[in-house]
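Written out below as structure tokens is the structure these notes cover.
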Protein chains: 2
Amino acid sequence: MRSVIESPVPSAAQARVIAAAQKLFARHGVGGTSLQMIADELGVTKAAVYHQYRTRDEIVLAAARAELDILAAVVATAEEEPSPQRARDALIDGIVDLTVDRRRTVSTILGDPVIAGFFDDDEQFREVMHQMRRLLVGEDASAEARVRLAMLLAAISGAATHPFVRDLDDDTLREQLSELARRFLGLRG
Amino acid sequence: MRSVIESPVPSAAQARVIAAAQKLFARHGVGGTSLQMIADELGVTKAAVYHQYRTRDEIVLAAARAELDILAAVVATAEEEPSPQRARDALIDGIVDLTVDRRRTVSTILGDPVIAGFFDDDEQFREVMHQMRRLLVGEDASAEARVRLAMLLAAISGAATHPFVRDLDDDTLREQLSELARRFLGLRG
DNA sequence: GTCTATAGTGCGATAGAC
DNA sequence: GTCTATCGCACTATAGAC
């Protein structure tokens, strides 16, 4: 089942603003990134950036939304798999790929307290989370299942930025994350 | 073995600044917290805060260092356990307690990109990480052990702030985190 | 240890020309 | 879609009185 919630598709110029913002958020944090920095990164003036988005908050929201859209696409692809097992595996691999490809970006942006606040009551965010939960632990709503799920998602995105794994190449990291995530999820009491 | 690296002990007034800063960092992010906000939180003026620390960066560093000191104390306590198994269990429980007690604080502060940069070449940080590594996976330096360790630490601190577990009470969360962490670490290929 | 007052800078945001 | 120019404001930081 596809998500019924659609984000507005950014124009090419907006997409450039978003990409610049995400890059800077990952390096300096959301609160540590100014409009001037985004403009400089793009090689234009602040006024040009304001032509794409009316406030700084809109840029932050659009950048966070774009990150969430990528995750939603991974979830939607996984849901098209024919069996629950294959859907589960596809989701894990999708999240691992996404995280390793973008290393700091995903965890820093989705982990930022300001963005977490934005998403607190966000319908798309809740739907994506709900879909992931159903794919990974089914209808099990026990405390154990929820903690296990939260740990799994935090482990994948958090581990990719950890100093312990900094000198691992992407392929090795992907392989290990995927394998360990699958085994962690398969744990039975 | 105790850490040989000691942080300067903050005065009472400095400790209040640090506590206020940590609270605000958790809510607004490091870059999103101004000196004015810290002063307001304490009910004093900016000049009074500047009397304790000469620059904003020093406050950020002191707050991060204080967080690291707590973690270092947990590691030191675990190292005094008589057997490797008990040391490992004590470390896991210590990290879980720390994370649940302080929920957003630990992961937001240690996960902030600016603070991660501060700690990149920090000796105390490296030593604490090294000690944790030795306690949890011994001398195993394989890619698998390193990824497993990074995942474990990210899973504990990240899961505590995850929306999936928001409505769990502290005791339940502690119990589940501790149990699942121990099982994850015990996984054998 | 806290205050008032202030300097200097960079911020978010807007107006209007091209 | 980009620019220059500007407004008003909040910021970091300092000086000096109490």
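Computed over heavy atoms, backbone and side chain alike; hydrogens, waters and symmetry mates excluded. Proteins come first, then strands; the chains are lettered A, B, ... in the order of their sequence lines, and each starts at number 1.
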Strand contacts (DNA chain D) in residues 7-22 of chain B, 4.0 angstrom heavy-atom criterion: none
Nearest-Å distance for atom pair CD1/P, residues A:Ile59 and C:dG12: 9 Å
All pairs passing side-chain hydrogen bond (donor to acceptor under 3.5 Å, both in side chains) where residues 32-52 of chain A contributes a residue, at least two apart: A:Lys23-A:Glu41, A:Gln36-A:Asp40
With A:Thr172 via side chain to side chain donor-acceptor pair (under 3.5 Å) - residues at least two apart: A:Asp169
Along DNA chain D, first and last positions that approach a heavy atom of chain A under 4.0 Å: D:dG1 to D:dT4
Qualifying residues under ring pair (Phe, Tyr, Trp, His ring centres under 6.0 Å), relative to A:His162, sequence neighbours excluded: A:Phe164
ring-ring contact (aromatic ring centres under 6.0 Å, His included) contacts in which one or both residues fall within residues 119-150 of chain A, not counting sequence neighbours: A:Phe119-A:Phe125
For atom CD of A:Gln52 and atom C1' of C:dA13, their distance in whole Å: 16 Å
Euclidean distance, atom NE2 of residue A:His28 to atom C1' of C:dC11 [Å, nearest integer]: 16 Å
Test side chain to side chain donor-acceptor pair (under 3.5 Å) applied to B:Asp140 - qualifying residues, sequence neighbours left out: B:Ser142
Inter- and intrachain pairs under ring-ring contact (aromatic ring centres under 6.0 Å, His included), touching residues 58-111 of chain B, at least two apart: none
Pairs touching residues 116-126 of chain A that satisfy salt bridge (Lys or Arg N to Asp or Glu O under 4.0 Å), sequence neighbours left out: A:Arg65-A:Asp122, A:Asp120-B:Arg166
Pairs flagged by salt bridge (Lys or Arg N to Asp or Glu O under 4.0 Å) wherever residues 95-119 of chain A is involved - sequence neighbours left out: A:Glu67-A:Arg102, A:Asp101-A:Arg174, A:Arg103-A:Asp170
Contacts of type side chain to side chain donor-acceptor pair (under 3.5 Å), residue B:Glu179, not counting sequence neighbours: B:Arg183
Which residue lies more 5' along DNA chain C, comparing A:Ser34 with A:Arg54 via nearest heavy atoms: A:Ser34
Any side-chain heavy-atom pair of B:Met151 and A:Phe184 under 4.5 Å: no
Residues in contact with DNA chain C, drawn from residues 35-51 of chain B - heavy-atom cutoff 4.0 Å: B:Val44, B:Thr45, B:Ala47, B:Ala48, B:His51
